[in-house]
2 protein chains.
Amino acid sequence: MTAVTDDKPAAPKRPLTLRDVSEASGVSEMTVSRVLRNRGDVSEATRTRVLAAAKDLGYVPNKIAGALASQRVNLVAVIIPSLSNMVFPRVLTAISDVLDNTPLQPVVGVTNYLPEREEKVLYEMLSWRPSGVIIAGLEHSEAAKAMLRSAGIPIVEIMDTDGTPIDSVVGISHRRAGRMMAETIVKAGYRKIGFLGTKMPLDHRARKRFEGFTEALAKAGLEVVDQEFYAGGSALAKGREMTAAILERSPEIDFLYYSNDMIGAGGLLHCLDAGIDVPGRLGLAGFNGIELLDGFSMQLATMDSCRAEIGRKAAEIIAQGAEVSVSDGGPTRGRRVELNPTIRHGNTLRLRPSEGLYPE
Amino acid sequence: MTAVTDDKPAAPKRPLTLRDVSEASGVSEMTVSRVLRNRGDVSEATRTRVLAAAKDLGYVPNKIAGALASQRVNLVAVIIPSLSNMVFPRVLTAISDVLDNTPLQPVVGVTNYLPEREEKVLYEMLSWRPSGVIIAGLEHSEAAKAMLRSAGIPIVEIMDTDGTPIDSVVGISHRRAGRMMAETIVKAGYRKIGFLGTKMPLDHRARKRFEGFTEALAKAGLEVVDQEFYAGGSALAKGREMTAAILERSPEIDFLYYSNDMIGAGGLLHCLDAGIDVPGRLGLAGFNGIELLDGFSMQLATMDSCRAEIGRKAAEIIAQGAEVSVSDGGPTRGRRVELNPTIRHGNTLRLRPSEGLYPE
DNA sequence: TTGAAAGCGCTAACAC
DNA sequence: GTGTTAGCGCTTTCAA
């Protein structure tokens with residue numbers, strides 16, 4: 001055994017404070033603070049002295065104290081339902097990218113699509129007095145809405161524009177997205193349409209897409225022939241299973257609309273394996289436009305949900321944030337940004353109606 | 001236009017404080033504080049009064065002030081390189097699940113595999129004085145290591161055990177993982193082995209797997225026949241492209257080892273499309289054991305990287321955290337948990353050597 | 001069971 | 001350019 005002798009001082013029991021740096025450098029706490037924050041005029045000489053001392057001691061400022069004193073917290077609360085599908089990570093990346101050019105920092109909370117979790121997470125985050133909140137969706141518990149309204153900071157609700165925002169909102173209309181896809185499918189000549197989705201009554205965006213979808217079908221005198229829902233497990237595997245099941249049960253189906261790309265991709269794999277003629281005998285479409293699927297031999301028709309753009313815009317609104325966010329009692333001052341989702345036909349959705357099984 | 005009359009008071013300009021609740025309830029700040037934190041004995045009567053007042057006002061406590069006063073912050077810094085691949089979200093979920101049963105809350109920072117980002121993110125997080133740090137990998141800049149050592153809180157380095165931890169470590173040996181896979185492949189009778197990976201010199205775990213892999217091959221008198229690396233883009237698509245490319249360049253290859261499941265899956269798709277006999281003519285294996293791939297028609301051979309288990313264990317260590325984490329100058333008091341990755345053969349790796357092209 | 005006083009580590013505002 | 005003073009909103013500690 002060798003006796004280890006430290007050349008650096010041992011780990012301190014008491015965290016270092018400004019005072020320590022002050023004493024080590026022979027400069028007042030205030031000036032040290034100024035140097036460390038690059039605020040106010042400090043002579044180059046003392047600046048160097050202070051920096052050296054801080055680095056030497058390994059001083060890490062205490063933001064808790066700083067925040068309390070300055071009444072400023074450079075944190076942005078980002079509240080999303082899930083991390084496990086590919087959609088929110090994409091939004092997060094965009095948010096981070098924008099905030100990287102500001103003093104702001106995102107802090108992520110996950111709700112698992114549970115309103116009570118959302119309420120709790122929101123409460124926790126608000127208790128840190130963040131500079132803004134980015135939160136997915138427009139549906140929140142009354143308590144959550146009350147908290148958001150009275151927080152006195154910019155709030156941006158993202159992903160969805162179908163509803164009444166508290167402050168600002170950035171997203172797409174999922175109802176419209178569902179409608180657009182239905183219209184495209186009908187125009188392509190498909191008539192026996194099935195739907196596959198998630199068993200998530202609380203996924204309001206999926207619900208709205210479905211509503212828009214059936215609404216547009218109804219306008220064309222059609223309705224969904226059959227449907228199936230899943231919960232849990234590998235989305236790809238579930239998509240495969242559900243597709244097999246629904247096609248067996250309702251063999252007349254000539255199109256399947258999936259509530260997300262992942263189960264759509266599973267369905268596509270099933271069709272390829274089963275030798276089903278796609279998009280001739282059966283058309284397929286998903287939702288989200290996730291890049292993941294670029295590696296498949298066939299491109300699933302889908303709709304870009306503008307995830308990156310949404311994240312970017314939301315972060316920008318927060319970053320601007322100077323403006324008053326919610327006025328007292330009057331109309332909301334928030335901004336409204338509705339993005340346009342675009343259909344990507346891929347090759348699982350035939351383009352010309354003339355090729356359809358049901359020529360018009 | 002209708003004149004909106006508020007039944008609830010308008011959003012306050014000044015955030016509410018304990019004092020407000022104190023005044024509204026006619027109870028001292030101290031007692032209000034006790035009620036809100038469920039600390040100490042408070043009569044049921046005052047308790048109800050206080051709770052009612054707090055709820056009525058919509059009071060949200062200020063954790064900044066609370067943390068400063070109590071010198072306690074129930075935050076756990078979790079620092080990971082990326083959110084975009086499926087591996088870290090899985091770890092995060094496990095961490096959250098464990099911490100949900102404690103007062104602790106994870107706060108995530110992403111480094112993009114950049115040491116300088118890591119250093120910055122770490123500094124930011126430490127300045128909030130968290131109760132612990134969970135950080136991916138054992139390789140950090142000297143400055144980062146110094147910060148971790150002197151933070152005076154439990155540190156858990158995760159994912160990898162090949163190296164010297166600062167405090168605790170939970171992970172698998174990636175070198176060993178690479179070795180195990182090589183041995184399995186060789187035992188199965190494959191001899192002309194190619195490698196496909198990421199262009200990430202800073203992904204130390206991928207590097208260690210590769211080193212272990214080649215080391216074990218060398219022991220069997222073999223070396224990697226050809227290799228290819230990618231950066232950016234859809235991993236699935238890249239896997240497909242790289243596989244086509246390497247097989248064209250080195251047609252003698254009878255096995256491809258991928259540094260992750262995603263590119264492996266892309267490779268598998270290529271093989272299926274190209275009509276290549278897998279695992280007869282060509283074997284394939286990936287790494288991570290991601291569930292995503294369960295929906296494929298063939299199961300890619302892979303190795304479980306114990307992501308969930310790692311997250312769980314790490315969180316547990318932090319939660320126990322009471323123990324002194326780094327002793328002064330002496331040996332680290334941290335715990336060491338090395339998990340055993342297991343090979344999942346799937347069906348892209350033939351099992352019996354006797355079936356090999358090169359019978360032994 | 002409740003309250004009063006002191007102070008956590010920093011920064012705003014003002015002096016010098 | 002630098003230092004001094006007074007809090008930020010809570011919790012700790014101690015007294016009642």
Side-chain angles (χ1 to χ4, degrees), chain A residues 12-51 53-54 57-74 103 124 126-131 151-152, chain B residues 12-51 53-54 57 59-75 103 124 126-131 151-152:
Chain A
K13 327 194 89 70
R14 178 182 57 78
L16 296 165
T17 68
L18 260 190
R19 172 175 217 100
D20 295 307
V21 184
S22 166
E23 283 169 0
S25 62
V27 176
S28 80
E29 283 188 45
M30 197 53 234
T31 303
V32 172
S33 169
R34 281 195 269 256
V35 170
L36 263 22
R37 286 177 300 145
N38 277 314
R39 280 248 190 308
D41 294 317
V42 181
S43 77
E44 200 43 45
T46 47
R47 153 176 230 77
T48 341
R49 280 241 305 282
V50 169
L51 252 21
L57 295 173
Y59 172 70
V60 177
N62 185 332
K63 287 216 180 184
I64 308 264
L68 184 62
S70 67
Q71 306 281 55
R72 238 192 309 280
V73 181
N74 292 328
E124 290 291 317
L126 286 181
S127 72
W128 287 103
R129 301 284 186 267
S131 296
Chain B
K13 325 196 88 71
R14 176 183 57 77
L16 296 164
T17 68
L18 257 191
R19 173 176 217 99
D20 295 305
V21 183
S22 166
E23 283 169 1
S25 63
V27 175
S28 80
E29 283 187 47
M30 198 49 240
T31 304
V32 172
S33 168
R34 280 195 269 256
V35 171
L36 264 23
R37 283 177 301 143
N38 279 314
R39 279 253 190 302
D41 294 316
V42 182
S43 75
E44 199 45 42
T46 48
R47 156 178 226 74
T48 343
R49 281 240 306 280
V50 168
L51 252 21
L57 294 174
Y59 172 69
V60 176
N62 185 333
K63 288 216 179 182
I64 307 267
L68 183 61
S70 68
Q71 305 282 57
R72 237 190 310 280
V73 181
N74 292 329
L75 259 25
E124 290 290 320
L126 286 181
S127 72
W128 287 103
R129 301 285 187 265
S131 296

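Below, chains carry the letters A, B, ... as their sequence lines are ordered, and counting in each starts from 1.
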* **Nucleotide interval of DNA chain C bounded by contacts with chain A (heavy-atom cut-off, under 4.0 Å)** => C/dG9 to C/dA13
* To do: Please name all residues satisfying side-chain hydrogen bond (donor to acceptor under 3.5 Å, both in side chains) with B/Thr31, sequence neighbours left out, ordered by chain then number.
  => B/Ser28
* To do: Mind jotting down which residue pairs meet the salt bridge (Lys or Arg N to Asp or Glu O under 4.0 Å) criterion with at least one end in residues 20-37 of chain A? Sequence neighbours excluded, please.
  => A/Arg14-A/Asp20, A/Arg19-A/Glu23, A/Arg19-A/Glu29
* To do: Grab the two heavy atoms, one from B/Ala151 and one from B/Leu126, that are nearest each other, plus how far apart they are.
  => CB-CD2, 4.1 Å
* Does B/Tyr59 put a side-chain nitrogen or oxygen below 4.0 Å from OP1 or OP2 of D/dC10? -> yes
* Neighbours of DNA chain C within residues 17-32 of chain B, by heavy-atom distance under 4.0 Å -> B/Val27, B/Ser28, B/Met30, B/Thr31
* To do: Return the set of residues passing side chain to side chain contact (heavy atoms under 4.5 Å, CB included) with B/Asn62 (not counting sequence neighbours), or none when no residue passes.
  => A/Arg129, B/Ile64, B/Ala65
* Pairing residues for A/Arg47 by the side chain to side chain contact (heavy atoms under 4.5 Å, CB included) criterion, not counting sequence neighbours -> A/Val35, A/Asn38, A/Val42, A/Glu44, A/Leu51
* side-chain hydrogen bond (donor to acceptor under 3.5 Å, both in side chains) with A/Ser70: which residues, sequence neighbours excluded? -> none
* To do: Would you check, one step at a time, whether the test side chain to side chain contact (heavy atoms under 4.5 Å, CB included) holds for B/Leu36 with B/Tyr59?
  => CA-CA 10 Å; B/Leu36 264 23; B/Tyr59 172 69; 3.5 Å; yes
* Structure fact -> Double-helix bend of the helix from C/dT1-D/dA16 to C/dC16-D/dG1, axes at both ends from 5 pairs, round to 10°, gives 30°
* A/Glu124: side chain to side chain contact (heavy atoms under 4.5 Å, CB included) partners, not counting sequence neighbours -> B/Lys63, B/Gln105
* **Residue-level proximity of residues 63-73 of chain A to DNA chain D when a heavy atom falls under 4.0 Å** => A/Leu68, A/Ala69, A/Gln71
* **A/Ser131 side-chain N/O to A/Val73 backbone N/O, donor-acceptor pair under 3.5 Å** => yes
* Near DNA chain C, which residues from residues 33-49 of chain B have a heavy atom under 4.0 Å away? -> B/Arg34, B/Asp41, B/Val42, B/Ser43, B/Thr46
* Check side chain to side chain contact (heavy atoms under 4.5 Å, CB included) between B/Ala53 and all other residues, then give those that pass, not counting sequence neighbours. => B/Val21, B/Ala24, B/Ser25
